[in-house]
Each structure stands twice: as structure tokens, then as C-alpha cells.
Amino acid sequence: MSAVIDAQPAVQISSVFWQRISALLVALAALLLMLFGGRLLLAGIADYQAEAFLTAWETAGSEPDERAWSIAHDAAQRAIDLYPVADGERLDRLGRIYSWQHFRQPYAAPQAQASRLAALEAYRASVNVRPSWPDSWARLARAKLYLQAFDDEFANALQQAFTQGPWRIGVNRELAQIGLIAWPRLTPEQQQTTLESARRVAVYSAGEAQQLLKLAAQTGTLQQVC
């Protein structure tokens with residue numbers, strides 16, 4: 001009887017110990033969730049900031065000034081760093097920001113080389129994480145066009161974008177533009193896929209068709225398109 005009575009305090013101490021351990025674990029889990037949620041919140045804010053700059057640049061159609069570009073770049077990079085895993089959309093956004101840094105500079109311009117190579121690396125990382133997304137493949141091909149690098153990677157990017165996004169008007173518009181600008185450097189097969197993308201763009205709307213014909217006239221490919 002005495003042994004049973006003596007054992008009760010030990011049982012109570014053990015119970016209190018495990019209750020405290022459980023409470024500590026719950027508190028740690030809550031703290032980790034708060035930290036994780038905080039990082040996601042900050043990443044989302046950075047996403048919004050970077051995307052807002054991109055929208056403004058696309059609306060204006062001109063290169064950003066140095067300060068605006070720096071703020072947008074830092075926000076895009078911060079969103080990538082804060083997110084717990086590699087994310088194709090955020091990497092693609094970083095590539096777009098690099099692409100806009102010297103948007104109006106000529107193809108293969110030495111002063112734009114660094115930013116265009118950085119854009120290419122970001123697009124490569126994006127398609128590696130999200131290989132089924134045609135927009136990033138099309139942008140990778142555009143980056144190669146700006147670098148005047150018509151190699152196997154350029155050919156693969158064109159094909160992947162064409163295959164993955166057959167009826168996306170934005171993808172077909174991008175592919176038609178790239179193909180018409182690079183027309184003399186394309187293989188016969190690439191020229192055919194360019195014309196098919198152009199056809200899809202033309203039938204989408206009269207406005208799209210007019211813009212396409214304007215580009216064809218500028219690039220000397222009007223006969224092929226018509």
C-alpha cells in the first residue's frame with residue numbers, strides 16, 4: 001500500500017513534465033507557422049511591387065529609369081529569396097525585369113549584354129522548374145533573339161512554346177514576332193511553325209491581323225505571311 005502511495009507523486013511529476021513538453025512543442029510549431037506565414041506575406045508584397053512596375057513599363061512601352069528598375073529588381077529577387085521553394089512564376093518575373101532593363105537597345109548591343117544574359121538565366125531556371133509553361137519558353141526564345149544566339153536552345157524554346165501553348169494568343173503572338181524578325185535565320189520547319197502561329201494570331205481579331213501585317217512589312221516577310 002505504501003509503495004502505491006509513493007508512486008503517485010512520481011506519476012504526477014511525469015504527467016506535468018509531458019504536459020510542459022507538449023505545450024512547448026505546440027508553441028514552437030505556432031512560432032514556426034508564424035515565421036513561415038510572415039515570409040509568405042513578405043514574398044507576396046514583393047511580388048505585387050515587382051509586378052506593378054512591370055505593368056507600368058508595358059503600358060508605357062519604354063525602358064525604365066535606373067532607380068525604378070533597381071527597386072523592381074530588388075523586389076523580384078526578394079520574392080524569390082523569401083519563397084520556400086524555387087518558383088517558376090517568380091523566376092519568370094525576374095527574367096522579364098532583366099529583359100526590360102535595356103528593352104530598346106539594338107539586338108546584340110554590347111551595353112545590354114549583361115542584362116540579357118541575366119534574363120536568359122532566369123528564364124532557364126523558370127522552365128527548369130515549370131517546363132510545361134509556354135510563356136516562359138517563348139520569353140527564353142525572345143532572350144536568345146536579343147542575343148542573336150540562334151542555336152539548339154533557341155530552336156528547342158521555339159518548339160516547346162509552340163507545342164505547350166497551341167491556342168494561347170499571347171504565346172502565338174510572341175512566336176510570330178520572333179519568327180518574322182529572325183526569318184532568315186530559321187530552318188524551313190521553323191518558318192512553317194512561325195506561319196502557323198501567325199495564322200492563329202490573324203484569325204483571332206482584325207486588330208491582331210493588322211499588327212501582324214505591319215510587322216511583316218517591316219521585316220520583309222509580307223509575301224510569306226500573305
Side-chain angles (χ1 to χ4, degrees), residues 54 57-58 61 63 69 73 76-77 80 86-201 211-212 214-225:
L54 278 170
W57 301 341
E58 289 167 1
E63 291 179 9
W69 185 88
H73 169 266
Q77 187 62 61
I80 291 171
D87 180 71
E89 183 175 357
R90 289 174 171 84
L91 290 164
D92 180 270
R93 183 185 293 117
L94 180 63
R96 288 157 60 201
I97 287 172
Y98 274 118
S99 293
W100 271 97
Q101 187 175 17
H102 296 106
F103 178 70
R104 291 297 182 186
Q105 298 302 309
Y107 297 123
Q111 64 270 32
Q113 184 82 353
S115 63
R116 288 170 179 173
L117 285 172
L120 179 61
E121 286 299 322
Y123 294 136
R124 283 171 175 164
S126 179
V127 298
N128 185 56
V129 174
R130 193 173 56 170
S132 63
W133 195 251
D135 300 81
S136 295
W137 283 112
R139 289 174 187 137
L140 194 156
R142 173 78 74 169
K144 300 289 287 191
L145 171 65
Y146 271 110
L147 291 164
Q148 294 290 280
F150 303 104
D151 52 16
D152 290 343
E153 184 178 40
F154 172 75
N156 182 57
L158 286 180
Q159 185 58 47
Q160 289 290 337
F162 184 80
T163 303
Q164 301 287 353
W167 298 111
R168 291 178 181 267
I169 182 61
V171 172
N172 280 286
R173 184 192 302 116
E174 186 87 352
L175 291 176
Q177 291 173 359
I178 293 169
L180 293 181
I181 293 169
W183 186 265
R185 306 297 295 272
L186 300 184
T187 66
E189 182 180 356
Q190 290 168 346
Q191 290 176 346
Q192 288 303 310
T193 57
T194 293
L195 292 178
E196 177 57 25
S197 291
R199 185 190 68 81
R200 294 172 184 177
V201 171
Q211 290 299 316
L212 183 66
K214 181 179 179 180
L215 177 61
Q218 292 171 348
T219 56
T221 56
L222 192 57
Q223 182 178 355
Q224 288 84 352
V225 170

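Values below: all heavy atoms of this structure, side chains included; hydrogens, waters and symmetry mates excluded.
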### Task
Quick one: do Ile178 and Phe154 satisfy side-chain contact (heavy atoms from CB on, under 4.5 Å)? Show the steps, please.
CA-CA 11 Å; Ile178 293 169; Phe154 172 75; 3.9 Å; yes

### Task
Kindly write out the residues that satisfy side-chain hydrogen bond (donor to acceptor under 3.5 Å, both in side chains) with Arg139, not counting sequence neighbours, or none if the list is empty.
Asp92

Show me the side-chain donor-acceptor pairs of residues 182-192 shorter than 3.5 Å, one per line, residues at least two apart or across chains.
unit_1	atom_1	unit_2	atom_2	d
Thr187	OG1	Gln190	N	3.1
Gln190	OE1	Thr187	N	3.0
Gln191	NE2	Trp183	O	3.2

### Task
Provide the closest heavy-atom pair for Arg116 versus Pro106 in the form atom of the first, atom of the second, distance.
NH1-O, 2.7 Å

### Query
For the side chain of Gln148 and the backbone of Leu145, is there at least one donor-acceptor N/O pair under 3.5 Å apart?
yes

### Task
Look at atom CD of Glu89 and say whether more than 12 heavy atoms of other residues, nucleotides or ligands are closer to it than 6.0 Å.
no

### Task
Just jot down the ring-ring contact (aromatic ring centres under 6.0 Å, His included) partners of His73, sequence neighbours excluded, or say none.
Trp69, Tyr98

### Query
Checking Tyr123 side chain against Gly95 main chain: does a donor-acceptor pair fall under 3.5 Å?
yes

### Query
Are Glu153 and Leu140 close enough, and set up right, to give a side-chain contact (heavy atoms from CB on, under 4.5 Å), and what steps lead you there?
CA-CA 9 Å; Glu153 184 178 40; Leu140 194 156; 3.9 Å; yes

#### Entry: ring-ring contact (aromatic ring centres under 6.0 Å, His included) partners for Phe162, two or more places apart
none

### Message
I'd like to check Val201 versus Gln211 (side-chain heavy atoms, cut-off strictly below 4.5 Å). Are they in contact?
### Response
no

### Query
Quick one: are Val225 and Leu180 in side-chain contact, heavy atoms under 4.5 Å?
yes

### Least distance between heavy atoms, Leu94 atom then Ala122 atom
C-CB, 4.3 Å

### Task
With sequence neighbours excluded, give me every side-chain hydrogen bond (donor to acceptor under 3.5 Å, both in side chains) pair touching residues 168-178.
Arg142-Glu174, Arg142-Gln177, Asn172-Ser197, Arg173-Glu208

### Message
Under the rule for side-chain hydrogen bond (donor to acceptor under 3.5 Å, both in side chains), what residues qualify as partners of Gln223, not counting sequence neighbours?
### Response
none

### Message
When you compare the side chains of Tyr146 and Ser99, does any donor N or O come within less than 3.5 Å of an acceptor on the partner?
### Response
no

#### Entry: Other residues, nucleotides, ligands: >12 heavy atoms within 6.0 Å of Asp151 CG
yes

### Exam field: side chain Trp57 to backbone Glu63, donor-acceptor pair closer than 3.5 Å
no

### Task
Mind listing the closest non-hydrogen atom pair of Thr194 and Ala176 along with its distance?
CG2-O, 4.0 Å

